[in-house]
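Accompanying notes for the structure given below.
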2 protein chains.
Amino acid sequence: MSIYSGAPHFLVAVDNIIFGFDGEKLKILLVHRHIEPEKGKWSLMGGFIGQNERPDTAALRVVRELTGISDIYMEHFEVFGEPQRDPIERTISIAYFTLIDINKYQHQINHAYSAAWFPLADAPQLIFDHDEMVKSALQKLRYKAALHPVLFELLPEKFTIPQITILYEEVYGIQLDKRNFARKLLSLELLIKLNEKEKESSKKGAFYYRLNEKNYKEKFGAMTKFIPFPYV
Amino acid sequence: MSIYSGAPHFLVAVDNIIFGFDGEKLKILLVHRHIEPEKGKWSLMGGFIGQNERPDTAALRVVRELTGISDIYMEHFEVFGEPQRDPIERTISIAYFTLIDINKYQHQINHAYSAAWFPLADAPQLIFDHDEMVKSALQKLRYKAALHPVLFELLPEKFTIPQITILYEEVYGIQLDKRNFARKLLSLELLIKLNEKEKESSKKGAFYYRLNEKNYKEKFGAMTKFIPFPYV
DNA sequence: CCAAAAGTGTTTTAGATACACCCATGA
DNA sequence: TCATGGGTGTATCTAAAACACTTTTGG
């Protein structure tokens, strides 16, 4: 018997706010909850921490089980621990914001869950305090992305400057000067220009770029101002 | 019986990394652990979350019980959940960095615990993963304080510009140009100059200032560059 | 009267912002 | 040939950084 036995024990969950970008809109990935209470309603991707599992490993596992994706950027941002947040039994939830390349998501890997992408601005009401989680996650993502190049995690291998610009505009809900923003992006030496153009969204076509992995890793920890402070 | 009954339950703790500043050195407040294991060794101020208690409330309670202080700035920064981190029983710890005015600390409020301030650079080895927690807390504090005026939480009601400068130099382990830094501080309109001088540390004496509470609250959320990015 | 720390002033430089214009191409 | 979005060039403005000097006063 533990010498800590006087102290209470709790269920501990992880919840992922999973962001994706389809080239036009910032989206979140939601699932139909398969257990009571609130069965069938939309929910974040979450699950309980296993007996011998670290919280961050649990968060990765949950996303892998439900989407099949294992190459994921995630970051813990807040603990939700209001005693009454889950009406059935008190659960302390460790929340992560999670960024995935939307193209890597293979629908219905696990058929027990039906998942769907929703534009952030147009998502259904979620169970428990999940709406609050999403709100807070977006705020933390904005904070992070104003100073670190995280948003590239949302893009496919090849992407264009106009695509990145739209992504930043979506995340912050602002209009950027495309000329200055392009100059900024290129000056960071994060991008490698490819000899190939994306021709769907314009007649002239926009050059594809890919990440310079080495510089990306080096500059990730450093603080680089991507978005002017007042907007954050 | 809960319908979540298949999932494991855990002890959940809060741990506070409590920072203070005595005018010269950045310090942390540690306690002698009063329970086994590692009884008598130095530890962070922590405790288990109560049955019906929020994590942040628990963190406040722990500090209040051990120091008598209830006017505290604290912020959650990380969850430590390695399964083996506590050798007796698995405990998931929610960690907070906590800033208090060192002058408000009344020694030995609670006689069951003996607490002491240690210069951060000269602290004893701590139990479990607490050294790692301190390291991570300092990093997060640096990040936060580079953009928000949190460090004023460490200062007494009245303080001088040279004191603030030393504080920032301590937190970041850097040398600042006192002329430029003073100008920066004053330009933010966070400070109200008092008609009184601190005469101990110099012949000329330095004017005392106090916080402009209104502007402080307003500018707290905004992002203001206090420390140049490369140092963070 | 001088050492030591407080405080004010000025120049330089880098980067953000604003804005004008040319380019490539499909319809 | 022209409308459309891609891309480059340049002038301006703001704030950070570098550096010099004056002020005050106890010993």
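Computed from a predicted structure; not experimentally measured.
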Check your understanding: Does the ring center of B:Tyr143 lie less than 6.0 Å from the ring center of B:Phe77?
Key ->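 No; B:Phe77 has its ring centre 6.0 Å or more from that of B:Tyr143.
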Practice item. For this output row, return yes or no: ring centroids of A:Phe97 and A:Phe19 closer than 6.0 angstrom. Key: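 Not close enough - the centres of the two rings lie 6.0 Å or further apart.
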Practice item. Name every residue in residues 177-190 of chain A that has at least one heavy atom under 4.0 Å from any atom of DNA chain D, in order of residue number, or write none if there are no such residues. Key: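 Contacting residues: A:Lys178, A:Arg179, A:Arg183.
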**Study point:** Sorted by number, the residues of residues 195-210 of chain A with heavy-atom contact under 4.0 Å to DNA chain C
**Key:**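 Listed by number, they are A:Lys199, A:Lys203, A:Lys204.
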Practice item. Check whether any side-chain heavy atom of A:Leu154 sits under 4.5 Å from a side-chain heavy atom of A:Ile102, and report yes or no. Key: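 Not in contact.
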Review point. Between which nucleotides of DNA chain D, 5' to 3', does chain B make heavy-atom contacts below 4.0 Å?
Key: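 Terminal contacting nucleotides, 5' to 3': D:dA16 to D:dG26.
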Point to revise | Partner of B:Phe159 under ring-ring contact (aromatic ring centres under 6.0 Å, His included), chosen from B:Tyr209, B:Phe207, B:Phe152, B:Tyr208 | key: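 Between B:Phe159 and the candidates, ring-ring contact (aromatic ring centres under 6.0 Å, His included) is satisfied uniquely by B:Phe152.
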Check your understanding: Is A:Arg54 salt-bridged to B:Glu82, going by a charged N under 4.0 Å from an acidic O?
Key ->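 Between B:Glu82 and A:Arg54 there is a salt bridge, with a charged N closer than 4.0 Å to a carboxylate O.
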Strictly distance-based, threshold 3.5 Å: is any side-chain N or O of [X] a donor or acceptor partner for the main-chain N or O of [Y]?
{"X": "A:Arg85", "Y": "A:Phe128", "value": "no"}
{"X": "B:His32", "Y": "B:Gly40", "value": "yes"}
{"X": "B:Asn16", "Y": "B:Thr98", "value": "no"}

Practice item. Taking all non-hydrogen atoms of both residues into account, name the closest pair between A:Asp15 and A:Ser93 and its distance. Key: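 Looking at all heavy atoms of both residues, the closest pair is OD2-OG, 2.7 Å.
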